[in-house]
Novice: 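This is the structure I have questions about; it appears just below.
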Amino acid sequence: MPSSPPSAASPSSPLSHDGVVAALRAAGCVFAEDEARLIRSAAATPDELAAMVDRRVTGLPIELVVGWARFRGLRIAVAPGVFVPRRRTEFLVEQALAHVPGTHVSSAHVPGIHIPDTHVPGTHVPGTHVVVDLCCGSGAVGAALADALGPVELHAADIDPAAVRCARGNLAAFGGQVHRGDLFEALPRSLRGRVDVLAANVPYVPSGEVGLLPAEARDHEPHVALDGGPDGLDILRRVAAEAHEWLAPGGCLLVETSELQAPAALECFAEGGLAARLVRSEELYAQVVVGRRPAAPGARAPEGP
């Protein structure tokens with residue numbers, strides 16, 4: 001009698017933990033052990049497991065293989081054709097929370113746990129903050145801000161329909177509204193002059209360097225989410241030029257950029273009428289430009305780092 005094929009649990013099976021690790025290592029995956037655990041926990045059947053391993057081995061990003069990315073304690077759903085949130089962008093969220101006008105985030109809040117409230121999406125509750133996630137991709141930044149701040153009036157926007165669909169799913173639990181369109185053109189006019197936090201994770205890779213990106217980004221993420229124009233600052237310039245009209249007095253614009261682009265980015269913010277500063281994270285190799293709209297005459301300037 002012929003022997004039965006090895007089960008997924010058999011140490012000799014290519015679908016065992018060791019077998020999956022070996023396949024991932026052979027494909028050049030640096031974190032093969034961790035990825036094997038993620039894939040095996042996500043697969044519902046041996047056939048699905050085999051298909052997921054194959055997709056990863058052929059170069060699909062691990063986040064797209066399992067369908068989600070971890071971002072500041074949250075599980076953010078991602079889909080093919082949508083920019084995968086980077087860990088370094090958590091620094092942008094941290095800086096946004098540190099600059100929220102007139103508030104301090106409670107240390108009692110547990111990241112990843114959202115407590116529903118009675119806020120009706122699309123309405124503004126006095127005392128809540130207005131948060132906008134521009135160039136939102138999956139909506140990870142907006143979700144992380146809402147998760148940390150509690151009830152907010154949350155809006156997000158992206159020009160890419162796949163990103164808009166993905167963000168709507170991720171922001172639904174927070175009552176977020178996701179709009180499709182080109183930067184500020186996508187936003188409701190009623191937000192002008194009311195935004196407390198404007199987080200814009202704009203594309204900032206120079207056009208000539210997109211082809212030099214790792215294959216996982218170059219081949220599997222939309223170029224509209226990567227390509228920032230000849231010097232990488234085309235979208236940043238547009239955002240900085242218009243942000244003043246949308247920010248509330250004392251409100252902040254935060255944009256991630258590169259070390260080389262930072263001086264020019266600061267100039268763009270200043271030309272847009274914002275008081276700008278650069279903050280860095282050596283650990284995450286992240287640079288964020290923070291620009292604040294001056295407070296109204298006679299008003300007390302919001303506290304901030």
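When a residue number appears, it is its place in the shown sequence, counting from 1.
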Novice: Please check this pair: side chain of R88 against backbone of L284, looking for a donor-acceptor N/O pair closer than 3.5 Å.
Specialist: no

Novice: What verdict does the side-chain contact (heavy atoms from CB on, under 4.5 Å) test give for L145 and V152, after you've listed the backbone C-alpha separation in whole Å, the side-chain angles of each residue and the deciding distance to 0.1 Å?
Specialist: CA-CA 9 Å; L145 288 170; V152 294; over 6 Å; no

Novice: Start with the C-alpha distance between L198 and F184, add both sets of side-chain angles, then the distance that settles side-chain contact (heavy atoms from CB on, under 4.5 Å), and finish with yes or no.
Specialist: CA-CA 11 Å; L198 175 54; F184 295 104; 3.7 Å; yes

Novice: Say whether E153 and H155, considering side chains only, have a donor N or O and an acceptor N or O under 3.5 Å apart.
Specialist: yes

Novice: Decide whether V53 and V21 are clustered together by the hydrophobic rule: side chain heavy atoms of Ile, Leu, Val, Met, Phe, Trp, Tyr closer than 4.5 Å, transitively.
Specialist: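 Unlinked, V53 and V21 end up in two clusters.
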
Novice: Test F71 against T89 for side-chain contact (heavy atoms from CB on, under 4.5 Å), laying out the working first.
Specialist: CA-CA 9 Å; F71 187 80; T89 305; 4.0 Å; yes

Novice: Would you check if there is a donor-acceptor pair between the side chains of E256 and Y204 at a distance under 3.5 Å?
Specialist: yes

Novice: Closer than 3.5 angstrom, by distance alone: can the side chain of T58 be matched with the main-chain N or O of D54 as a donor-acceptor pair?
Specialist: yes

Novice: Counting C-beta onward and ignoring hydrogens, is there a side-chain heavy-atom pair between L253 and V290 closer than 4.5 Å?
Specialist: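 No; the side chains remain at least 4.5 Å from each other.
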
Novice: Does R292 use its side chain to pair, donor to acceptor, with the backbone of G251 at less than 3.5 Å?
Specialist: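 No; judged by distance alone, with no hydrogens or angles, the pair does not exist.
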
Novice: Rounded to the nearest 0.5 Å, how far apart are CD1 of I39 and CG of D34?
Specialist: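 Those atoms lie 11.0 Å apart.
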
Novice: Is V210 linked to V82 within one hydrophobic cluster, defined over Ile, Leu, Val, Met, Phe, Trp and Tyr using a side-chain heavy-atom separation of less than 4.5 Å?
Specialist: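 Per the 4.5 Å side-chain linkage, V210 and V82 are not co-clustered.
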
Novice: Can a donor-acceptor pair be found, under 3.5 Å and without considering hydrogens, that links the side chain of D133 to the backbone of G142?
Specialist: yes

Novice: So do V288 and T257 actually touch side chain to side chain, heavy atoms under 4.5 Å?
Specialist: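 Not touching, per the 4.5 Å side-chain cut-off.
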
Novice: Measuring from atom CG of L92 to atom CZ of R72, what distance do you get when rounded to the nearest 0.5 angstrom?
Specialist: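 Between atom CG of L92 and atom CZ of R72 there are 11.0 Å.
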
Novice: Salt bridge between R25 and E33, side-chain N to carboxylate O under 4.0 Å?
Specialist: yes

Novice: Check step by step if salt bridge (Lys or Arg N to Asp or Glu O under 4.0 Å) holds for E245 and R192.
Specialist: CA-CA 6 Å; E245 300 177 20; R192 283 181 178 271; 2.7 Å; yes

Novice: Measure the spacing between CZ of R56 and SG of C29 and express it to the nearest 0.5 Å.
Specialist: 4.0 Å

Novice: Can you find a heavy atom in the side chain of V224 that is under 4.5 Å from one in the side chain of F83?
Specialist: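 Heavy-atom side-chain distance check fails, nothing below 4.5 Å.
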
Novice: Under the 3.5 angstrom rule, does the side chain of R37 hit a backbone N or O of S41 as a donor-acceptor pair?
Specialist: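 Between the backbone of S41 and the side chain of R37 there is no qualifying donor-acceptor contact (under 3.5 Å).
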
Novice: Side-chain contact, heavy-atom cut-off 4.5 Å: P206 with D231?
Specialist: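 In short, these two side chains do not touch, never coming nearer than 4.5 Å.
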
Novice: With clusters defined by side-chain heavy atoms of hydrophobic residues (ILVMFWY) lying less than 4.5 Å apart, directly or transitively, does V100 cluster with V279?
Specialist: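 Same cluster.
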
Novice: So which atom in D160 and which in G81 form the shortest heavy-atom distance, rounded to 0.1 Å?
Specialist: OD2-O, 4.0 Å

Novice: Using a strict 4.0 Å threshold on nitrogen-to-oxygen distance, state whether R87 and E283 make a salt bridge.
Specialist: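 Yes, R87 and E283 are salt-bridged.
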
Novice: Is any side-chain heavy atom of W68 less than 4.5 Å from a side-chain heavy atom of L38?
Specialist: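 In contact.
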
Novice: With a 4.5 Å limit on heavy-atom distance, are the side chains of C252 and V197 in contact?
Specialist: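 Result no, sub-4.5 Å side-chain heavy-atom pair not found.
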
Novice: State the CD-NE2 distance between E185 and H179, to the nearest 0.5 angstrom.
Specialist: 14.0 Å

Novice: Give the cluster check for I76 versus L97: same hydrophobic cluster or not, with ILVMFWY residues linked at side-chain heavy-atom distances below 4.5 Å.
Specialist: yes

Novice: Check whether R238 reaches the backbone of D234 with its side chain - one donor and one acceptor, N or O, closer than 3.5 Å.
Specialist: no

Novice: For the atom pair CD (E271) and CG (L266), what is the distance rounded to the nearest 0.5 Å?
Specialist: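 CG of L266 is found 11.0 Å from CD of E271.
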
Novice: D147 and F174: side-chain contact (heavy atoms from CB on, under 4.5 Å), yes or no, with the steps?
Specialist: CA-CA 8 Å; D147 185 64; F174 303 100; 4.0 Å; yes

Novice: Which atom pair, heavy atoms only, marks the closest approach of A79 to L64?
Specialist: O-CD2, 3.3 Å

Novice: Looking at S207 and G229, would you say the former's side chain and the latter's main chain have a donor-acceptor pair under 3.5 Å?
Specialist: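 Yes: the side chain of S207 pairs with the backbone of G229.
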
Novice: State whether R75 and E63 are salt-bridged, where the test is any N-O pair (Lys NZ or Arg NE/NH1/NH2 against Asp/Glu carboxylate O) under 4.0 Å.
Specialist: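 So R75 does not pair with E63 through a salt bridge.
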
Novice: Under a 3.5 Å distance rule, please check whether R218 uses its side chain to pair with a backbone N or O of L213 as donor and acceptor.
Specialist: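 Pair found, side chain donor or acceptor close to backbone of L213.
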
Novice: Using the rule that Ile, Leu, Val, Met, Phe, Trp and Tyr join whenever any side-chain heavy atoms are under 4.5 Å apart, tell me whether V239 and V205 fall into a single cluster.
Specialist: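 Different clusters.
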
Novice: Donor-acceptor check, side chain of N170 to backbone of A77, threshold 3.5 angstrom: yes or no?
Specialist: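 Yes, the answer is positive, given that a donor and an acceptor are paired below the 3.5 Å cut-off.
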
Novice: Any side-chain heavy atom of V289 within less than 4.5 Å of one from L254?
Specialist: no

Novice: Would you check if the side chain of R189 reaches a backbone N or O of L187 as a donor-acceptor pair within less than 3.5 Å?
Specialist: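 Checked: pair present.
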
Novice: Measuring from C135:SG to I159:CD1, what's the distance to the nearest 0.5 Å?
Specialist: 9.0 Å

Novice: So do the side chains of Q261 and E259 get within less than 4.5 Å of each other, counting heavy atoms only?
Specialist: no

Novice: Taking all non-hydrogen atoms of both residues, which atom of L24 and which atom of A32 are closest, and how far apart?
Specialist: CD1-O, 3.6 Å

Novice: What closest approach, in Å, do P85 and V78 show between heavy atoms, and which atom pair accounts for it?
Specialist: CD-CG1, 3.9 Å

Novice: Which heavy-atom pair separates A143 from L171 by the least distance, and what is that distance?
Specialist: N-CD2, 3.4 Å

Novice: Considering non-hydrogen atoms only, spot the tightest contact between C268 and R237 and give its length.
Specialist: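 That would be SG-CG, 3.5 Å.
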
